[in-house]
Chemist: 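One structure coming up, written as structure tokens, with questions to follow.
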Amino acid sequence: MSGREVVIVGAGPAGMTAALTFATAGLEVTMIDDNPRAGGQVFRAGSDYPGLDPRADSLRTLLAAARGRIEHRAQAEIVAVFPDRKIWVLEGERLSELRPRALLLATGALEVPVPVPGWTLPGVFTLGGLQNLMKAGGIVPAGPLVLAGAGPLLWLVAWQMSALGVPVAAVVDAAMRPPLRALPRLLRRADLLAKGMGFELALRRQGVAMLRGHTVVAIEGKGGAESVIVAALDAQWRELPGTRRAIAARTVAIGFGLRPNPELAQLAGAALHYAPAFGGWAPRRDAHYETSVPGIFAIGDGAGVVGVDHALAEGRLAALAVLRHLGRPVPADLSERAPYAEARRRRARAFAAGIADWAALRPAIFELAEPETVICRCEDTRRCELEAGLSLGLDAPGPLKLRTRAGMGLCQGRTCTPALLHMIARKTGAAIADLPYPTARVPLRPTPLGALAGLQETAD
Ligand SMILES: Cc1cc2nc3c(=O)[nH]c(=O)nc-3n(C[C@H](O)[C@H](O)[C@H](O)COP(=O)(O)OP(=O)(O)OC[C@H]3O[C@@H](n4cnc5c(N)ncnc54)[C@H](O)[C@@H]3O)c2cc1C
């Protein structure tokens, strides 16, 4: 198999559907993902769990049947992308280079954690981190469990944990109930709305405390979480004085929604734009899913957080657009089904905009960090160090990173970038959309020097 004309990065719903569509059209493709199995975030399950989506196994079965046309390179990381579509693939100690005619980036979303005092204590997780332990290994945490944040993932994970028998002490949602103005959009996916209400009902039956318009403002404990301090918030998610109280918690899960992962598009030199309804910074695309770099396409949550059904639809539609881009014939039955995928895509986008209207993060929440609170976990950079840099006039991500090292550690800013940008915006009065997004660097992930030397030999 040559498998080089098209390379897809990401084997989540978007990447898998794109690969299957190419295979149906008779094209050989390579799909690269850093996980051991195909599935991405939502379909990653290694074991059974509450709410397991049966589409995950169906897609993997189709993938196995199309093995002759789809080369799936698992546990492989893309550590570099260049404007001429050249990519570096790291597999163990080996680095190789590919240069497809079309590159599809289906790299999914990142979580948005909000640093509060005590958030780096053992026993504190992100919502997705806790869910991944359950999905990958059936691992459930010790109770009492407190979950805090905003958005659908908060209620889903709370329900999953409760259904698995974990004692859930409280769900602490910074948002109030969805505003009436969001209803028309939310009703475009009445099935999902009903599902969310079902989660709440089930939690209520279990006697779980539900605090809306509140958040966890601190986590306390010696050597690990023992309790959380919750407080009421105003409409901007600023803490209301005199409302603090403690709740016992051995495990805490926090998450304030998701944002697109734009790093590979950014490395390729693609223009980014800020789309608040879809999680923030993402690669700008034209109507055919192509970024500003010719031949590089972006799909799924990596191009704007909308959800699994949208990712499935975009995978199919983008594959058709790429076939046309390559001058390949598009089988009639695939073309005929495209309008249905387009309709699903539109419904999903309307629903996501309704969700953002209800639960999108309000920047004042980042004020919960105290001077000694760690903002960048990888480099141990505290808020006071960032404030010191800002007071020297280093009010852009680049100089602030160079001074404080925030965002320059192992995760390369995947965790602290939202907090960093909000601190700069607050200091300068600039809108987040007007700030430059922090630069991504090659190699994107830790790469052994031997692997880089090996690539040099190949290139020579
Ligand atoms: C932590 C987390 C938990 C979530 N849980 C749920 C849930 O329970 N239910 C739900 O409906 N939605 C959930 N979502 C949202 C869900 O991820 C998406 O709606 C859906 O999975 C998007 O599909 P996708 O194909 O765009 O991306 P993903 O499914 O995220 O797939 C992207 C894939 O690309 C891989 N990748 C990224 N960068 C690289 C690289 N440089 N090299 C190699 N591989 C790379 C990723 O590891 C991942 O496997 C969750 C999101 C996150 C971040």
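Basis for what follows: all heavy atoms, side chains included, without hydrogens, waters or symmetry-related copies. Residues take their numbers from the sequence shown, with the count starting at 1. Both ligands and their constituent atoms are indexed starting at 1 by order of listing. Treat the numbers as computed from the prediction; the structure is a model and nothing was measured.
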Chemist: State whether R284 and E290 are salt-bridged, where the test is any N-O pair (Lys NZ or Arg NE/NH1/NH2 against Asp/Glu carboxylate O) under 4.0 Å.
Modeler: no
Chemist: Mind listing the closest non-hydrogen atom pair of A303 and P283 along with its distance?
Modeler: CA-CD, 4.2 Å
Chemist: Apply salt bridge (Lys or Arg N to Asp or Glu O under 4.0 Å) to residues D34 and R73 and explain how you reach the verdict.
Modeler: CA-CA 8 Å; D34 48 6; R73 287 166 74 165; over 6 Å; no
Chemist: What protein heavy atom sits nearest atom 33 (C) of ligand 1, and how far off is it?
Modeler: D33 OD2, 3.3 Å
Chemist: Side chains of Q131 and Q160: any donor to acceptor distance under 3.5 Å?
Modeler: yes
Chemist: Could you walk me through whether T126 and I254 pass side-chain contact (heavy atoms from CB on, under 4.5 Å), step by step?
Modeler: CA-CA 5 Å; T126 61; I254 305 186; over 6 Å; no
Chemist: Are R344 and H310 close enough that a side-chain donor and a side-chain acceptor fall under 3.5 Å?
Modeler: no
Chemist: Does some non-hydrogen atom of E263 fall short of 4.0 Å from ligand 1?
Modeler: no
Chemist: Taking distance alone, with N or O pairs closer than 3.5 Å, would you say E77 contacts ligand 1?
Modeler: no
Chemist: For ligand 1, find out whether one of its N or O atoms is nearer than 3.5 Å to an N or O atom of G302.
Modeler: no
Chemist: Could you walk me through whether W155 and F199 satisfy the ring pair (Phe, Tyr, Trp, His ring centres under 6.0 Å) test, starting with their C-alpha distance in whole Å, then the side-chain angles of each, then the deciding distance to 0.1 Å, before giving a yes or no?
Modeler: CA-CA 7 Å; W155 292 91; F199 295 154; 9.0 Å; no
Chemist: Is there at least one pair of N or O atoms, one from N132 and one from ligand 1, spaced under 3.5 Å apart?
Modeler: no
Chemist: Does E314 come within less than 4.0 angstrom of ligand 1, counting non-hydrogen atoms of the residue?
Modeler: no
Chemist: Looking at R259 and E111, does any basic side-chain N land under 4.0 Å from a carboxylate oxygen?
Modeler: no
Chemist: Taking N or O atoms only and a 3.5 Å limit, does D34 qualify as a polar contact for ligand 1?
Modeler: yes
Chemist: Output yes when D191 and K195 qualify as a salt bridge under the 4.0 Å nitrogen-oxygen rule, no when they do not.
Modeler: no
Chemist: N35 to ligand 1: N or O pair under 3.5 Å?
Modeler: yes
Chemist: Would E111 count as being in polar contact with ligand 1, using the rule that some N or O on each side must be under 3.5 angstrom apart?
Modeler: no
Chemist: If the contact criterion is a heavy-atom separation under 4.0 Å, does A76 count as touching ligand 1?
Modeler: yes
Chemist: Using distance alone, decide if ligand 1 has a nitrogen or oxygen within less than 3.5 Å of any nitrogen or oxygen in L153.
Modeler: no
Chemist: Give me the nearest non-hydrogen protein atom to atom 34 (O) of ligand 1 as residue plus atom name, then the distance to 0.1 Å.
Modeler: G10 CA, 3.2 Å
Chemist: Between I78 and ligand 1, is there a nitrogen or oxygen pair with a distance under 3.5 Å?
Modeler: yes
Chemist: With heavy-atom distances below 4.0 Å as the criterion, list the atoms of ligand 1 near Q131.
Modeler: 3 (C), 4 (C), 5 (N), 6 (C), 7 (C), 8 (O)
Chemist: If you take the nearest heavy atom of each of V42, N261, I8, which one is closest to atom 13 (C) of ligand 1?
Modeler: V42
Chemist: To check your reading of the model: name the closest protein heavy atom to atom 16 (C) of ligand 1, its residue, and the distance in Å.
Modeler: D301 OD2, 3.7 Å
Chemist: So which of G12, G39, A109 gets nearest to atom 31 (O) of ligand 1, if we judge by its closest heavy atom?
Modeler: G12
Chemist: Could you identify the single nearest non-hydrogen protein atom to atom 40 (C) of ligand 1 and state the distance to 0.1 Å?
Modeler: R445 NH2, 3.5 Å
Chemist: So is there a nitrogen or oxygen of A14 less than 3.5 Å from a nitrogen or oxygen in ligand 1?
Modeler: yes
Chemist: Do NZ/NE/NH1/NH2 and the carboxylate oxygens of E77 and R445 come within less than 4.0 Å?
Modeler: yes
Chemist: Below 4.0 angstrom, N of the basic side chain to O of the carboxylate: do R285 and E314 qualify?
Modeler: yes
Chemist: Without hydrogens or angle criteria, can the side chains of N132 and R44 be said to hold a donor-acceptor pair below 3.5 Å?
Modeler: yes
Chemist: Considering the heavy atoms of G300, write down every atom of ligand 1 situated less than 4.0 Å from one of them.
Modeler: 26 (O)
